[in-house]
2 protein chains.
Amino acid sequence: MNIKQAAEASGLPPKTIRYYEQIGLIKPARSANSYRDFSETDVHNLAFIARARALGFSIEDCRALLALYEDKSRASADVKAIAQRHLDEIEAKILQLAEMRDTLSALVLACRGNHRPDCPILASMSGD
Amino acid sequence: MNIKQAAEASGLPPKTIRYYEQIGLIKPARSANSYRDFSETDVHNLAFIARARALGFSIEDCRALLALYEDKSRASADVKAIAQRHLDEIEAKILQLAEMRDTLSALVLACRGNHRPDCPILASMSGD
DNA sequence: CCTTGACCTTCCAGTCATTGGAACCCTTAC
DNA sequence: GTAAGGGTTCCAATGACTGGAAGGTCAAGG
């Protein structure tokens with residue numbers, strides 16, 4: 001299977017697939033004409049990575065998860081540890097963004113947004 | 001004022017301040033010895049940028065906000081538009097992260113996390 | 001047989017907002 | 001004189017792609 005088919009089947013752009021090969025995430029075979037030749041397993045792994053990325057896992061997490069996925073004697077505790085750590089990071093980021101949102105929405109509400117220059121948003125950022 | 005004092009007064013690392021000068025966000029004077037010489041206004045602008053960055057504004061947004069801040073005939077509507085757009089982006093990102101969190105926390109809950117290989121997390125990422 | 005268009009290849013550069021390090025200069029105190 | 005603790009510049013790396021250039025390959029149509 002050529003890269004375009006693999007891209008359509010996995011939902012990843014060809015550029016991204018080439019990048020994943022470059023960093024050693026996948027190792028597709030090559031045809032005689034030097035084209036990449038993707039097996040069903042390659043496509044499956046690409047879709048695996050795509051789903052992990054959609055959950056926000058880093059590339060290095062994906063590498064570790066893929067290795068665990070291929071290790072039939074893995075311990076599910078190892079997978080869970082990676083997922084739990086990532087979940088903690090997501091929750092921390094949500095808290096941080098919620099704080100920004102609260103501050104910012106209060107400022108936006110307070111700003112009249114007209115032709116005049118007085119603005120609580122700028123006032124807040126200039127230190128009141 | 002040397003860069004270290006400006007860093008302490010603004011809460012930004014010296015490296016970051018040099019970077020902000022490099023991209024034209026600030027334009028501190030230079031002493032005879034080629035050291036940067038920060039005025040009170042420079043430090044004030046740095047603190048302004050630091051607060052805007054803490055609210056998640058991009059550097060380009062900071063540039064625009066700083067320009068509006070210095071323009072005494074600005075319209076607060078222009079400030080509000082930038083802030084509202086950024087607020088929308090934050091809210092979109094929170095929704096996206098909350099979705100990741102929901103999916104991921106369900107998977108983490110479902111995973112026993114023991115020495116055995118069966119794992120709903122990997123199962124989900126491999127396409128069930 | 002030739003051309004056209006849609007593929008494919010590699011490599012280089014850019015994104016965003018820093019951060020680290022190297023190599024070197026300046027100032028102050030002892 | 002020298003050591004500590006500033007300062008300077010420039011280059012390279014981060015993460016995860018993405019765009020573009022220059023060129024090779026392949027199937028179909030004239």
Side-chain angles (χ1 to χ4, degrees), chain A residues 1-38 42-43 45-46 48-66 82 85-86 89-90 93 96-97 100, chain B residues 1-39 42-43 45-46 48-66 85-86 89-90 93 96-97 100:
Chain A
M1 192 188 294
N2 278 355
I3 199 168
K4 198 162 192 238
Q5 279 74 49
E8 276 154 18
S10 66
L12 290 168
K15 273 276 189 190
T16 301
I17 295 176
R18 287 192 196 98
Y19 171 68
Y20 286 169
E21 186 194 26
Q22 191 195 323
I23 63 172
L25 260 192
I26 52 161
K27 292 159 189 58
R30 295 290 179 134
S31 306
N33 55 12
S34 85
Y35 286 15
R36 288 170 187 83
D37 184 16
F38 293 86
D42 290 328
V43 170
N45 284 351
L46 284 171
F48 181 101
I49 297 166
R51 285 188 207 98
R53 294 286 300 132
L55 287 176
F57 285 102
S58 70
I59 290 288
E60 286 318 303
D61 279 348
C62 288
R63 197 190 299 277
L65 290 169
L66 208 47
I82 294 174
R85 191 174 35 72
H86 179 47
E89 285 168 12
I90 287 175
K93 183 152 278 178
Q96 189 197 355
L97 287 172
M100 286 182 190
Chain B
M1 190 188 295
N2 278 353
I3 198 166
K4 199 164 190 233
Q5 279 74 49
E8 276 154 17
S10 66
L12 290 168
K15 272 276 188 191
T16 302
I17 295 176
R18 287 193 196 98
Y19 170 68
Y20 286 169
E21 186 194 25
Q22 192 195 321
I23 62 172
L25 260 191
I26 52 161
K27 291 156 190 59
R30 295 291 180 134
S31 305
N33 55 12
S34 84
Y35 287 14
R36 288 170 186 82
D37 184 16
F38 294 85
S39 68
D42 290 328
V43 171
N45 284 352
L46 284 170
F48 181 100
I49 297 166
R51 285 189 208 98
R53 295 284 302 132
L55 287 177
F57 285 102
S58 71
I59 291 288
E60 287 317 304
D61 279 348
C62 289
R63 196 190 298 276
L65 290 169
L66 207 47
R85 193 175 33 72
H86 179 47
E89 285 168 13
I90 288 176
K93 183 153 276 175
Q96 189 197 355
L97 286 172
M100 286 182 189

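Every chain is numbered from 1, with letters handed out A, B, ... down the list of sequences.
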Engineer: For A/Asn2 and C/dC7, give me the distance from atom CG to atom P, rounded to whole Å.
Structural biologist: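 About 10 Å, once rounded to whole Å.
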Engineer: On a heavy-atom basis, which atom in B/Ile3 and which in B/Phe38 lie closest, and how many Å separate them?
Structural biologist: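 Looking at all heavy atoms of both residues, the closest pair is CA-CE1, 3.5 Å.
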Engineer: Can you see which heavy atom on A/Pro13 is nearest to which on A/Ala7, and at what distance?
Structural biologist: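 Taking A/Pro13 first and A/Ala7 second, the nearest heavy atoms are C-CB, 4.3 Å.
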Engineer: Could you give the CD1-to-P distance, from A/Ile3 to C/dA6, as a whole number of Å?
Structural biologist: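 So the two atoms are 18 Å apart, to the nearest Å.
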Engineer: Would you call A/Gln5 and A/Val43 a side-chain contact if the rule is heavy atoms closer than 4.5 Å?
Structural biologist: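 Heavy-atom side-chain distance check fails, nothing below 4.5 Å.
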Engineer: What is the distance, rounded to the nearest whole Å, between atom CE of B/Met1 and atom C1' of D/dG6?
Structural biologist: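 Taking atom C1' of D/dG6 as the reference, CE of B/Met1 is at 16 Å.
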Engineer: Sequence neighbours left out, what passes side chain to side chain contact (heavy atoms under 4.5 Å, CB included) with A/Arg51? Give chain and number order.
Structural biologist: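 In terms of side chain to side chain contact (heavy atoms under 4.5 Å, CB included), with neighbours along the sequence ignored, A/Arg51 is linked to A/Ala47.
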Engineer: Tell me the interatomic distance from A/Asp37, atom CG, to C/dC7, atom C1', rounded to whole angstroms.
Structural biologist: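 Rounding to the nearest Å, CG of A/Asp37 and C1' of C/dC7 are 15 Å apart.
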Engineer: Is B/Arg36 near enough to D/dT8 that one of its side-chain N or O atoms lies under 4.0 angstrom from OP1 or OP2?
Structural biologist: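 Yes.
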Engineer: Under 4.5 Å between any side-chain heavy atoms of B/Arg53 and B/Ile59, yes or no?
Structural biologist: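 Answer yes - side chains close enough.
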Engineer: Whether A/Arg85 and A/Glu89 form a salt bridge (side-chain N of Lys/Arg under 4.0 Å from carboxylate O of Asp/Glu) is what I want to check.
Structural biologist: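 A/Arg85 and A/Glu89: salt-bridged.
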Engineer: Contacts to DNA chain C from residues 52-61 of chain A, heavy-atom cutoff under 4.0 Å, which residues?
Structural biologist: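 Close to the strand, none.
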Engineer: Would you check if B/Arg18 and B/Gln22 make a side-chain contact, meaning some heavy-atom pair closer than 4.5 Å?
Structural biologist: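 The answer is no; the side chains never approach within 4.5 Å.
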Engineer: Does the side chain of B/Asp42 reach to within under 4.5 Å of the side chain of B/Ser39, using non-hydrogen atoms?
Structural biologist: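 Result yes, sub-4.5 Å side-chain heavy-atom pair found.
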Engineer: Ignoring backbone atoms, test whether A/Asn33 places a side-chain nitrogen or oxygen under 4.0 Å from the OP1 or OP2 oxygen of C/dC8.
Structural biologist: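 For C/dC8, neither OP1 nor OP2 has a side-chain N or O of A/Asn33 closer than 4.0 Å.
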Engineer: What is the distance, rounded to the nearest whole Å, between atom CD1 of B/Ile49 and atom P of C/dA17?
Structural biologist: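 Going from B/Ile49 (CD1) to C/dA17 (P), I get 12 Å.
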Engineer: What is the minimum heavy-atom distance between B/Arg36 and B/Asn2, and which atoms define it?
Structural biologist: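 Taking B/Arg36 first and B/Asn2 second, the nearest heavy atoms are O-OD1, 3.8 Å.
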Engineer: Which residues in residues 9-27 of chain A have a heavy atom closer than 4.0 Å to any atom of DNA chain C?
Structural biologist: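 A/Lys15, A/Arg18 - these, ordered by number, are the residues of the stretch whose heavy atoms sit under 4.0 Å from the strand.
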Engineer: In whole angstrom, give the distance that lies between atom NZ of A/Lys93 and atom P of D/dG15.
Structural biologist: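 The answer, rounded to whole Å, is 13 Å.
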